Q: 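Dropping a structure here in structure tokens format, bear with me for questions.
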2 protein chains.
Amino acid sequence: MNKHDQLNMIKKDFINCKKVLSAIGDETRQSILLVCMETDCQTGLRVGEITAKTHLSRPAVSHHLKVLRDAGVILMRKEGTKNFYYINVRTKLGLLKTLVSNIETFMQNYHRSNEI
Amino acid sequence: MNKHDQLNMIKKDFINCKKVLSAIGDETRQSILLVCMETDCQTGLRVGEITAKTHLSRPAVSHHLKVLRDAGVILMRKEGTKNFYYINVRTKLGLLKTLVSNIETFMQNYHRSNEI
DNA sequence: TTGAATAGTTTAACTTGACGAACCATTAGT
DNA sequence: ACTAATGGTTCGTCAAGTTAAACTATTCAA
């Protein structure tokens with residue numbers, strides 16, 4: 001693959017990652033994710049439970065969950081009126097690794113000079 | 001390493017990555033990075049050159065370069081009044097891979113159930 | 001079918017970040 | 001010292017994101 005193609009791939013990676021980057025770049029959403037991980041939430045956590053474990057209001061939690069869901073970082077399961085949120089194991093976070101790897105490869109190929 | 005330690009590591013990863021995430025999550029800064037990569041900028045690019053290759057004003061470029069620099073994504077070299085910016089090969093981007101890997105490991109250990 | 005529980009949506013205030021104009025600081029050359 | 005070139009900084013403005021209050025929608029149980 002030539003330089004031009006590599007650059008185009010990185011451009012596409014950036015587009016793919018944009019939502020994930022801004023989703024998990026936010027401190028509030030990071031704490032929501034940590035709450036999900038801390039809890040034995042194989043069954044998922046409800047909005048109310050997350051609200052109780054943070055300093056946030058329910059609408060705020062709802063908003064951030066939507067952002068995380070749009071980014072593919074978490075998934076939701078409905079049960080009656082209850083919505084259970086849980087981390088998506090086959091997560092879009094993997095895209096970040098792809099992006100970084102592609103940048104690293106590009107730099108090794110074309111910008112070795114500043115690898116002092 | 002136990003669950004608690006793993007979670008603490010991920011918390012630290014989040015803190016380490018915060019700047020990088022918001023730095024490269026921004027579309028404008030992504031395009032600045034791409035300009036740096038497109039150009040054979042082993043010697044680095046000057047602010048004026050980046051301004052010319054984008055739709056941005058010089059102060060805007062200067063601002064974004066500062067953000068990228070604070071995040072450790074790019075480096076600067078001064079030569080007289082000229083400042084040359086170039087991508088940091090030993091970049092902090094690697095931190096992102098660490099973060100994602102640690103999350104993936106954690107999920108595999110403690111949340112296998114939703115790995116359908 | 002009514003009431004309670006759960007959670008999403010809308011609205012408006014607030015906060016944060018991005019932008020460009022104007023200004024200031026530093027260096028090189030004369 | 002003076003001038004030109006380069007680029008960082010400050011400031012006011014505008015746009016985008018975040019928040020909580022109030023409201024709406026859905027489901028379950030009696």
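Side-chain atoms are counted along with the backbone in the values below, which use heavy atoms only and exclude waters and symmetry mates. Just so it is clear, the model here is predicted, and its values are computed rather than measured. Letters go in sequence order (proteins before strands), and every chain restarts at 1.
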Q: To the nearest angstrom, how far is A:K82 atom NZ from D:dA25 atom C1'?
A: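 Taking NZ of A:K82 and C1' of D:dA25, I get 18 Å after rounding.
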Q: Going only through I, L, V, M, F, W and Y residues with side-chain contacts under 4.5 Å, is there a path from B:M9 to B:I103?
A: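 No, separate clusters.
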Q: In residues 60-68 of chain A, what residues come within less than 4.0 Å of DNA chain C, judged by heavy atoms?
A: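 Of all residues in residues 60-68 of chain A, the ones placing a heavy atom under 4.0 Å from DNA chain C are A:S62.
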Q: What is the distance from CD of A:Q30 to P of D:dT18, rounded to the nearest Å?
A: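 Roughly 13 Å, once rounded to whole Å.
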Q: Looking only at heavy atoms, which two atoms of B:C17 and B:L99 are closest? And how far apart?
A: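 Scanning both residues completely, I find the closest heavy atoms to be SG-CB, 3.9 Å.
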Q: Using a cut-off of strictly less than 4.0 Å, decide whether B:T28 has a side-chain nitrogen or oxygen near OP1 or OP2 of C:dC19.
A: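 Yes, because at least one side-chain N or O of B:T28 sits under 4.0 Å from OP1 or OP2 of C:dC19.
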Q: Quick one: which protein N/O atoms are closer than 3.5 Å to N/O atoms of nucleotides 21-30 of chain C? Pair and distance per line, please.
A:
none

Q: Whether the side chain of B:Y110 engages the backbone of B:K3 through a donor-acceptor N/O pair (distance < 3.5 Å, no angle test) should be reported.
A: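 It does hold such a pair.
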Q: Measure from the side-chain heavy atoms of B:M76 and tell me the nearest of C:dA7, D:dT19, D:dG8.
A: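 Nearest to the side-chain atoms of B:M76, counting from C-beta on, is D:dG8.
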Q: Rounded to whole Å, please give me the gap between CD1 in A:I32 and P in C:dA7.
A: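 After rounding, the reported distance stands at 14 Å.
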Q: Could you tell me how far apart B:D70 (CG) and D:dT9 (P) are, to the nearest whole angstrom?
A: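 Rounded to whole Å, this separation is 10 Å.
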Q: If each of A:D26 and B:V47 is mapped to the nucleotide of DNA chain D with the nearest heavy atom, which maps nearer the 5' terminus, i.e. the 5' end?
A: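 Mapping each residue to its closest nucleotide by heavy atoms, the 5'-most match is B:V47.
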Q: To the nearest angstrom, how far is A:R77 atom CZ from C:dT6 atom P?
A: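 Atom-to-atom, A:R77 to C:dT6, this comes out as 16 Å.
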Q: Would a single hydrophobic cluster contain both B:L21 and B:L95, if residues Ile, Leu, Val, Met, Phe, Trp and Tyr are joined by side-chain heavy-atom contacts under 4.5 Å?
A: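 No, B:L95 and B:L21 fall in different hydrophobic clusters.
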Q: Per the side-chain hydrogen bond (donor to acceptor under 3.5 Å, both in side chains) rule, what does the pair list look like for residues 58-76 of chain A, sequence neighbours excluded?
A: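 Of all non-adjacent pairs touching residues 58-76 of chain A, those that pass side-chain hydrogen bond (donor to acceptor under 3.5 Å, both in side chains) are A:R29-A:H64.
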Q: Decide whether A:L93 and B:L7 are clustered together by the hydrophobic rule: side chain heavy atoms of Ile, Leu, Val, Met, Phe, Trp, Tyr closer than 4.5 Å, transitively.
A: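 Same hydrophobic cluster.
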Q: Take atom CD of A:E27 and atom C1' of D:dG17, then tell me their distance rounded to the nearest Å.
A: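 About 15 Å, once rounded to whole Å.
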Q: Are the charged groups of A:E38 and A:K53 less than 4.0 angstrom apart, N to O?
A: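 No, this pair does not count.
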Q: Taking atom NZ of B:K12 as the centre, does the number of heavy atoms from other residues, nucleotides or ligands within less than 6.0 Å exceed 12?
A: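 Open.
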Q: Does a nitrogen or oxygen in the side chain of B:Y85 sit under 4.0 Å from OP1 or OP2 of D:dG8?
A: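 Yes, because at least one side-chain N or O of B:Y85 sits under 4.0 Å from OP1 or OP2 of D:dG8.
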Q: Identify the residue among B:T54, B:L45, B:T28 that makes a side chain to side chain contact (heavy atoms under 4.5 Å, CB included) with B:V61.
A: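 Passing option: B:T54.
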Q: Among C:dT6, D:dT6, C:dG8, which nucleotide has an atom closest to any side-chain atom of A:N83?
A: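 Of C:dT6, D:dT6, C:dG8, C:dG8 is nearest to the side chain of A:N83.
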Q: Calculate the interatomic distance between B:L56 atom CG and C:dC19 atom P; express it in whole Å.
A: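 Interatomic distance, CG of B:L56 to P of C:dC19: 6 Å.
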Q: Check the distance between C:dA5's C1' and A:R46's CZ and give it to me in whole angstrom.
A: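 Taking CZ of A:R46 and C1' of C:dA5, I get 9 Å after rounding.
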